[in-house]
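To keep things clear, I will list the structure first and then write my remarks on it.
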Amino acid sequence: MDQNVVLSVSDLNVYYKNRKKKLFEKSGKKQALFDVSFDMKEGEVLGIAGESGCGKSTLARTIVGINKDYTGTIYQKYGEPQMVFQDPYSSLNPAKTIGWLMEEPLKVDKNRKWTREERLERVKEIMDRVELPPEFINRYPSQLSGGQRQRVCIGMALMKSPKLLIADEPVSALDVTIQAQIMELLEQLHKNLGISIIFISHDLRVVYHMCDRVMIMKEGRMVEMEETDKLYRYPKEEYTKELLTAAGIRK
Ligand SMILES: Nc1ncnc2c1ncn2[C@@H]1O[C@H](COP(=O)(O)OP(=O)(O)OP(=O)(O)O)[C@@H](O)[C@H]1O
Ligand SMILES: [Mg+2]
């Protein structure tokens with residue numbers, strides 16, 4: 001394996017249980033991903049784009065270990081990556097303070113024991129990193145704006161110093177101005193901490209600014225994967241051209 005590879009996915013096929021079984025239909029599985037293979041280099045920002053239902057979240061959830069029904073191999077150089085989800089409103093427990101929520105990943109850290117003081121120190125450090133005022137430590141999620149909540153989610157994902165962060169539509173639920181701020185934060189983290197990022201979005205314009213390479217997916221398959229500039233200027237596949245045209249990027 002190339003030393004510079006942080007993630008290598010080969011021949012990934014992912015299945016879901018068929019929930020809506022039709023009459024006379026054999027109970028069985030629905031395949032959501034078909035033979036997906038790709039490598040990711042250390043420090044790279046990889047965009048994954050494609051229409052709703054094409055399998056972007058499925059791919060992300062399988063890489064972080066949430067989806068377990070798959071065949072193929074997933075090699076990760078540094079062990080478990082962390083994930084940031086789309087909706088900062090529903091992904092935070094409303095009954096817990098920001099401090100409690102951010103501390104939690106350390107309490108269940110399998111790799112090391114953290115003392116209470118160490119945990120608090122780390123929470124403060126990360127709150128600073130994601131630009132949340134220190135006094136927010138005692139606030140509840142309902143007392144924060146959407147953008148601030150997404151900063152909490154990103155902070156939680158950073159607590160254990162991951163080398164790979166998977167952000168699944170991290171700005172889709174936010175206002176445009178707030179979107180730009182969160183994108184800026186992710187770029188800062190990438191630059192300052194050297195984290196590799198998988199950035200998932202259905203918005204090809206958002207992906208363009210952020211990513212070194214982009215993967216286009218359709219109906220559970222990888223259509224094309226290429227350096228961002230190249231893909232946007234010289235798309236090889238008809239489907240990529242269609243998406244670029246629909247996004248108003250290509251005439
Ligand atoms: N828990 C589940 N059980 C059964 N089928 C599922 C489940 N989650 C997703 N699917 C199906 O798998 C396919 C891929 O869904 P996925 O959520 O990965 O798409 P997506 O690209 O993330 O879409 P979006 O842009 O809307 O978030 C879809 O057909 C979806 O209906
Ligand atoms: Mg999704």
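Start at 1 with the first residue, then count along the sequence. Remember, it's 1-based here, ligands and their atoms both numbered in the order they're listed. All values below come from the heavy atoms of this structure, side chains included, with hydrogens, waters and symmetry mates left out.
- The pair E226-K236 meets the salt-bridge criterion, with a side-chain N (NZ, NE, NH1 or NH2) lying under 4.0 Å from an Asp/Glu carboxylate O.
- Side-chain contact, T97 with N138: no donor N or O sits under 3.5 Å from an acceptor N or O.
- At least one N or O atom of K56, backbone or side chain, sits closer than 3.5 Å to an N or O atom of ligand 1.
- Look at R61 and you'll find a heavy atom under 4.0 Å from some atom of ligand 1.
- The side chain to side chain contact (heavy atoms under 4.5 Å, CB included) search around T115 returns E117, E118, not counting sequence neighbours.
- Using a cut-off of 4.0 Å between Lys/Arg side-chain N and Asp/Glu carboxylate O, K96 and E104 are scored as not salt-bridged.
- Hydrophobic clustering (ILVMFWY, side-chain heavy atoms < 4.5 Å, transitive): I178 and M183 are in one cluster.
- Remark: ligand 1 and Q86 share no N or O pair separated by less than 3.5 Å (distance only, no angle test).
- Under a cut-off of 6.0 angstrom, the local environment of CZ in R112 is crowded, with over 12 non-hydrogen atoms contributed by other residues, nucleotides or ligands.
- At least one N or O atom of T58, backbone or side chain, sits closer than 3.5 Å to an N or O atom of ligand 1.
- Any N or O atom pair closer than 3.5 Å counts here, and A32 shares no such pair with ligand 1.
- For a threshold of 3.5 Å applied to N or O pairs, the pair formed by C54 and ligand 1 contains at least one separation below that value.
- Protein heavy atom closest to atom 12 (O) of ligand 1, with residue, atom name and distance, is Y16 CE1, 3.4 Å.
- Counting only protein N, O or S atoms, 1 lie closer than 2.8 Å to the Mg ion (ligand 2).
- The protein heavy atom nearest to atom 26 (O) of ligand 1 is S52 OG, 2.5 Å.
- Using a 4.0 angstrom heavy-atom cutoff, K30 counts as in contact with ligand 1.
- Closest protein heavy atom to atom 13 (C) of ligand 1: G53 O, 3.7 Å.
- Heavy-atom minimum distance, P162 versus A157: CG-O, 3.2 Å.
- Counting non-hydrogen atoms of neighbouring residues, nucleotides and ligands closer than 6.0 angstrom, the CD atom of E187 exceeds 12 such neighbours.
- For Y208 and D229, the side-chain atoms include at least one donor-acceptor pair closer than 3.5 Å.
- With hydrogens and angles ignored, the 3.5 Å screen pairs a side-chain donor or acceptor of H190 with a backbone N or O of G43.
- Applying the 4.0 Å criterion to heavy atoms of S57 picks out, from ligand 1, the atoms 17 (O), 18 (O), 20 (P), 22 (O), 27 (O).
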- Task: Using the salt bridge (Lys or Arg N to Asp or Glu O under 4.0 Å) rule, take R213 and E44 through it: C-alpha gap first, then chi angles, then the decisive distance, then the call.
- Result: CA-CA 8 Å; R213 281 196 300 164; E44 188 172 35; 2.5 Å; yes
